[in-house]
Amino acid sequence: MASTLDVYQPCPCGSGKKIKFCCQNILADMEKVRKLVDGKQHRAALHSLESIEKKSPNNPWVLITKAQMLLAEGEPAPAKQVLETLLQGHPEHSDAAVLYANCCYVVDGYEAALPAIQRALPRANTAPDLAALLVMRISEEQAASGKYLSARQYLTLGLRWVPEELRQGVFSRLVEMEQDASVFYPLRSVHHLQQWTGAEDENKDFAKASRLAMLGCWDAAARHFGNLAEKHPDSAALWHNAALCLAWVGKETQAAEAFHKSAKAQSVHEDAVEAETLAQLLDHLNGPDRVSLKAKLFTAPSVSRLLTRMVEAPQLARDELATEEEQADDEGRPFTAEFDVLDRAVMPPEEIERASVQDLPKLLGTVAVFDAVPEKDLKSQIVLQASELTFEAAEIALQAAAGTEIEVQSDVQPMGPGISKELANLDRFFWLPVEGLVLSARRRLAADRWSWLIDDLWANAPQRALGGKSPRDAAGDPALVVPLKAAILVLDAWAIQREHIIDVPALCQAYKVPAPETIHPAPDKEIQSFSAIQLNRVAVDELSDEQLASTLNRAMLLGHRRFLYDVLKAVANRTALHASVNMERVYTSLVGICRALGKKEEALEWVRRGQESTKGAQNAFEAQMSWEMTELSTRAEDPSDPAIAALLRRFYQYYGRKIPQIVPVIERLCATFGIDVPDDFQDSTGGLVGAGSTSAGGVWTPGSTTEAPKKLWLPGQ
């Protein structure tokens, strides 16, 4: 049989010699194995390899191929043993080292496999596909474990080796991680090693550590940086580099300790605050007082009977908006309902409107109900989720509500990595009713809640980062300026997760620490190199057009609404950018943020500018209707607004005649905001029944038989 391999090519065994002068004696046999592999006949290939192995014992080509076949057959442990034998005789074999690291990871887990992984990564260029597979697996595991700095860095490392056809997918995953609002925003951005200069021999150690870090050998790099830092404890850069490498490898507790040391050694105030902020965030995620979210599964013989009991239960409040977010569980059970579990009976809306935040029921947990699928032999599933601080009370409340209508299906299971008790305690106060409460009352209670959480609960709670002092007690203490300012940034990151904007400069002033110092970058400065914390300090109005466009993309990803607001305003006022930027998105985002801030008049001004921008556009009719819907929902927050009547008349008598399906949407919007529709509008679209289709953007077009949308969509929210 003629070989498809040129005998003058480098030998697959990795010797560096040509096949003709190395493994030509087994070339024909290995070609037969290749044909069996191509035909997915892995067992036959393994049998042939055993025969070849007798002819050429300990041959790297044979052993690596054998290990690959064992892996393909789902036998990683025997594959690992084969590679151990190979590496004993050929310890520098690159392909074997990378494949062995994959086997160790699958068999032993990340921590046990770390030495093998660190040995393999410097040789990854010879086996890029295997290296990419390895780091992608690790990244997913680290993300699931809540080790976000590590997950992001492994993903970035994978971009070096992933095949070109998969590169865009990996990059998209990186973008998804950067915009994941469930992660504290300072942990979602780039962080760089810092430069340092010492004695000549120490500079060599520093250069070696930097090379190891560049290769992904962060565990070894952290040891080298750490050894240097122990000799130079006043070097913020060395502690910073050690901390980053420890975080990248997933050792977050040690990373937090090194960040704390970097902050104390730092002579630049803002750099010290950033290091301390990262340290505190990692402490909140890994500290000894960490509490986790827990879940317990139940099933119900009759979901309809269960829902009847749950709706009537005093401590359960149905979340009417949940159906917009949940459709089915992983196995295909249809989502039916979600309830908030409270520590006391739900209050009537009229009592809630008069209540203070402290008087409101507190959130114990949530219950999601998924119906059975008999044709798939899937029982119904009821999922109780709660913090371990409140789980027992939440389960008692659920059992009291459900009675004999539910049966336990599983023990309590941990959900996610957890958070410090300090922050978990704040989350108990995040319940507000969805139905029966006018928006103005909800907004008032939400504002009161945040004021109380920050000015009372957070301000007076002792913090480990402040040596056991509360922020109020720490104010004015010179030794706690950096930790206290970092604690304010941690609070800001926590609030951003909950879509709330904190006035950080005002808090800094109130607690007697310097406000964040503004960064004035040169026109040629690369903004992409800034960390998220640095980015929030940039004077956006001073940026060049190119810098501002780049900053807009990052601000959209990070989702820090205070900074995003500043960037969006700068873009809106920079007409030179309008042709290259999606201005509809800019104006819509500005409207949403202004509404959240209670800036109604400014929100309406952005609506007006959005309307102006769509005049003459190809989809001008749909765009104008969308903007007028945004204007209506913005004005509807104040039902006494005199402009509402004219807008309603336009929707009923103009848009409603062209698109009858818009009328039920307007009616639900009015019901939500407590607006009475004038009687003379009611029949303005009577008899208008059309056929058509819904466009990709969700707007009904002529010729539709599609029913009106069942969800209430409020533009700008």
Side-chain angles (χ1 to χ4, degrees), residues 94 97-164 166-180 182-193 209-223 225 241-256 258-259 278 281-282 285-286 416-417 531-532 557:
S94 297
V98 179
L99 188 57
Y100 179 66
N102 274 276
C103 291
C104 289
Y105 176 75
V106 174
V107 174
D108 304 319
Y110 174 67
E111 290 187 13
L114 193 54
I117 294 168
Q118 299 281 285
R119 287 194 298 270
L121 289 178
R123 307 165 183 174
N125 287 338
T126 65
D129 291 354
L130 287 171
L133 175 64
L134 176 61
V135 297
M136 293 297 105
R137 283 173 165 173
I138 296 172
S139 177
E140 288 298 321
E141 178 187 327
Q142 298 294 75
S145 301
K147 296 180 179 179
Y148 308 112
L149 288 170
S150 177
R152 186 190 188 283
Q153 202 66 13
Y154 270 115
L155 198 61
T156 303
L157 191 64
L159 283 172
R160 298 183 192 176
W161 304 308
V162 73
E164 189 61 38
L166 301 178
R167 185 173 298 275
Q168 185 57 46
V170 175
F171 182 77
S172 296
R173 174 63 184 136
L174 188 60
V175 170
E176 288 173 10
M177 290 181 68
E178 292 205 357
Q179 64 184 6
D180 184 353
S182 68
V183 180
F184 292 124
Y185 78 86
L187 303 181
R188 288 190 270 130
S189 71
V190 63
H191 296 278
H192 299 288
L193 297 176
S210 299
R211 284 194 302 273
L212 287 168
M214 183 182 66
L215 293 169
C217 301
W218 301 310
D219 200 29
R223 286 196 297 273
F225 284 130
N241 290 357
L244 274 185
C245 290
L246 286 165
W248 290 341
V249 85
K251 297 182 177 181
E252 293 193 335
T253 301
Q254 299 96 310
F259 274 128
L278 293 173
L281 287 172
L282 293 179
L285 293 169
N286 301 278
S531 70
L557 285 177

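- Across all non-hydrogen atoms, the minimal contact from A258 to L246 is CB-CD1, 4.5 Å.
- Donor-acceptor pairing under 3.5 Å is recorded for the side chains of N286 and E252.
- Pairing each heavy atom of L149 with each of W248, the nearest pair is O-CD1, 3.7 Å.
- Between E140 and R173 there is a salt bridge, with a side-chain nitrogen of the basic residue lying less than 4.0 Å from a carboxylate oxygen of the acidic one.
- The distance from the CD1 atom of I117 to the SG atom of C217 is 10.5 Å, given to the nearest 0.5 Å.
- With hydrogens and angles ignored, the 3.5 Å screen pairs a side-chain donor or acceptor of N102 with a backbone N or O of L130.
- Among all heavy-atom pairs drawn from K251 and D219, the shortest one is NZ-OD1, 2.9 Å.
- Within the 4.5 Å cutoff, the side chain of P163 has heavy atoms near those of the D129 side chain.
- Two residues are said to be in side-chain contact when any heavy atoms from C-beta on lie closer than 4.5 Å; V135 and L155 fail this criterion.
- By the 4.5 Å heavy-atom criterion applied to side chains, W161 and N125 are counted as neighbours.
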* Derivation of the side chain to side chain contact (heavy atoms under 4.5 Å, CB included) call for T156 and V190 -> CA-CA 10 Å; T156 303; V190 63; over 6 Å; no

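- Once rounded to the nearest 0.5 Å, the distance linking CG of L166 with CG of L159 reads 11.0 Å.
- The nearest pair of heavy atoms linking G146 to P417 is CA-CG, 3.7 Å.
- Between L114 and V249 the shortest side-chain heavy-atom distance falls below 4.5 Å.
- Here the closest heavy-atom approach between residue L212 and residue A221 is recorded as CB-CB, 4.0 Å.
- When all heavy atoms are compared, the tightest approach of A120 to A101 is CB-CB, 3.7 Å.
- Side-chain atoms of R188 never come within 3.5 Å of backbone atoms of M177 as a donor-acceptor pair (strictly under, hydrogens ignored).
- Between the side chain of H191 and the backbone N or O of P186, at least one donor-acceptor pair lies under 3.5 Å.
- In this structure the side chain of Q142 reaches within 4.5 angstrom of the side chain of Y110, judged on heavy atoms.
- Looking only at distances, a side-chain donor or acceptor of S139 sits under 3.5 Å from a matching main-chain atom of A151.
- Side-chain contact between M136 and Y154 is absent, with no heavy-atom pair separated by less than 4.5 Å.
- Side-chain atoms of T126 come within 3.5 Å of backbone atoms of R123 as a donor-acceptor pair (strictly under, hydrogens ignored).
- Taking the charged nitrogens against the carboxylate oxygens, R152 and E178 do have a contact shorter than 4.0 Å, which makes a salt bridge.
- Side-chain contact between F184 and L278 is absent, with no heavy-atom pair separated by less than 4.5 Å.
- When only modelled atom types and interatomic distance are considered, Y105 and E141 share a side-chain donor-acceptor pair under 3.5 Å.
- Listed for the S172 side chain is a donor-acceptor partner under 3.5 Å among the backbone atoms of Q168.
- When side chains are defined from C-beta on, W218 does not count as touching L244, because their heavy atoms never get closer than 4.5 Å.
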* To do: Could you give me the CA-CA distance, side-chain angles and deciding distance for L215 and L157, then say whether side chain to side chain contact (heavy atoms under 4.5 Å, CB included) is met?
  => CA-CA 8 Å; L215 293 169; L157 191 64; over 6 Å; no

